[in-house]
2 protein chains.
Amino acid sequence: MSSKDTPAIRQSKGGVQSVERAFGLLECIANSAGSATLSHIAADVNLPLPTIHRLLNTLVNLGVVRQLPDRGYALGPGLVRLGDIAGSQLGAIARPYLRDLVAELGESANVATMDGDMVVYVDQVASERQMRMFTEVGRRAHMHATGVGKAILAGLDPEQVRHIAATAGMPTPTEHSVGTIGELEAELERIRERGYAIDEQEQELGVRCFAMAIPDAPAPLAISVSGPVSRVDQAFADRAIPLLRSAAAQISSDMRGGV
Amino acid sequence: MSSKDTPAIRQSKGGVQSVERAFGLLECIANSAGSATLSHIAADVNLPLPTIHRLLNTLVNLGVVRQLPDRGYALGPGLVRLGDIAGSQLGAIARPYLRDLVAELGESANVATMDGDMVVYVDQVASERQMRMFTEVGRRAHMHATGVGKAILAGLDPEQVRHIAATAGMPTPTEHSVGTIGELEAELERIRERGYAIDEQEQELGVRCFAMAIPDAPAPLAISVSGPVSRVDQAFADRAIPLLRSAAAQISSDMRGGV
DNA sequence: ATCGAGTTTCCGTATTATGGATAATAACTT
DNA sequence: AAGTTATTATCCATAATACGGAAACTCGAT
């Protein structure tokens, strides 16, 4: 499951070839979890060895890739920094509104984006409560098993949803998780009707979560509030949903407004 | 403070120009917090507009940069993913040992690397205790004010240390923090003698931390255990130091061993 | 000590990125 | 609302740049 995952390297017209190739290599290393040797990479992306070697050298000099003592290549710390900044920038616009949500509702609020076929949490404002959700920023999770993920999926084409479900798979972290594409599609329809997604202990037992997509965002984005089922109940939802709705609207307009 | 931070773009011989330039642009966007407009970027990196535009286009197509509705450019979600994977890969080798440390000592353990002139936490295993350190993965901190940072600094050339202190500055988060280069150098000398670093409430009041650098790591790396001063005392240190030492040695050999 | 898979360097070639000039678009001004 | 400027996007001839075949080298295995 490695020679087909990276379908060579997409070359879009008007793009700079070497840059596209360079990121193809990064993708390739990212997919082959851990290190990847030169020839291993050459097998995946379809390029002559010297070319790959030269590109990798450049990336190593840039600190984006690090070369292991056994000559293998791995993603380097430079990417940690860039990724961190990228995430915080995405989250930065949303943060003040998340803070309001937390202040108002007393539960943790999150922003997540879709990357590839997974959800990535880009920012979180944790509640002050003792027992609270512990969703690390940067964590990745399956779309169908999270509130934010389902909220995002509900805004995509059905075929795109199928494709994501197919490539990422549909594991069921708990017995409440959605397990089949049929169920998922029905669930997404419900989400579209009511305007928000519910994660009913689907990601973790005892945790309920309300999520909503940010309309017209530059990247697929959703926000959520989550907490233990004991506190996050119907009464909570009645207070939370309008707040989520207005937060989503404001974030959306902030993002369109630039800065 | 923006036209001098990015000293054009470093071009190392044997490197692929366009790739180096592309990452120069990413750096530039990263530095100009939030969005950066085309001409703003052109002012920082010293390149003709069409060239920048073409490179940015490529990066946008790759999902690494996103273009805002006001035509500004910002780092995109693709980087979040790569950075996340890069971080977890760096941390992955260390994680099992961190787990052991936490199991044995009952306090949170961290791995951090140096990136630029800052420390970045790449992984953490949190203790099960109620009151625990809340160091998010991906967080950046000043070298001189953290245990891991000082442990790493202790292994660098004095001039490099000076340079880092000069460029990053030396803020003092608490009244215990090291505030001058003189103090720092003395402290680093002590660290070299005893073989580990102590963060004595220098980052946050009430928090003590023992840290040790990973020798011969592919990137500067250090591990630490930290917790409230009430629990993390001399008796704790007596248990912790040998464990840290052996963990560091094992991680080091694992990293040299490849995979 | 010999071999061979995998990695790195070399260098002539032409493919590829380049950037000056120009057009299109947005922002400001009167 | 029309004119003006600043900013961004597109063309395309040029040559500089990245390319990749071939050959040297390194390291682990036999």
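Here the structure is a predicted model, which is why all the values come from computation and not from measurement. A note on names: the letters A, B, ... follow the listed sequences, proteins ahead of strands, and every chain is numbered from 1.
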What's the shortest heavy-atom distance between A/Ile152 and A/Ala112, and which atoms? CD1-O, 4.2 Å
Taking only residues two or more places apart in sequence, or in another chain, which ones meet A/His53 in a ring pair (Phe, Tyr, Trp, His ring centres under 6.0 Å)? none
Taking only the side-chain nitrogens and oxygens of [X], find out if one of them lies under 4.0 Å from OP1 or OP2 of [N].
X       : N      : value
A/Thr37 : C/dG6  : no
A/Gln17 : D/dC19 : yes
A/Thr51 : D/dG20 : yes
B/Tyr73 : D/dA9  : yes
B/Gln67 : D/dA9  : yes
B/Ser18 : C/dA17 : no

Protein-nucleotide distance ([X], atom [atom1]; [N], atom [atom2]), rounded to Å:
X       : N      : atom1 : atom2 : result
A/Leu47 : D/dG20 : CG    : P     : 7 Å
A/Ile52 : C/dT7  : CD1   : C1'   : 12 Å
A/Leu49 : D/dA23 : CG    : P     : 16 Å
A/Arg54 : D/dC19 : CZ    : P     : 5 Å
A/Arg21 : C/dT16 : CZ    : P     : 8 Å
B/Leu59 : C/dA17 : CG    : P     : 13 Å
A/Leu55 : C/dT8  : CG    : P     : 14 Å
B/Ile41 : D/dT7  : CD1   : P     : 14 Å

Say whether, by atom type as modelled, one donor and one acceptor occur between the side chain of B/Arg66 and the main chain of B/Val60 under 3.5 angstrom. no
Within a reach of under 6.0 Å around CZ of B/Arg162, are more than 12 heavy atoms found that belong to other residues, nucleotides or ligands? no
From the set D/dT10, C/dA17, C/dT7, return the single nucleotide nearest to any side-chain atom of B/His53. D/dT10
Counting only side-chain heavy atoms from C-beta out, which of D/dG20, C/dT18, C/dG19 sits nearest to B/Pro48? C/dG19
Would you mind classifying the nucleic acid contact of B/Ser39 as base, sugar-phosphate or nothing, using non-hydrogen atoms under 4.0 angstrom? sugar-phosphate
What does A/Pro50 touch in the nucleic acid at a heavy-atom separation under 4.0 angstrom: a base, only the sugar-phosphate, or nothing? base
Nearest 0.5 angstrom please: B/Glu20 CD to A/Asn61 CG, how far? 7.0 Å
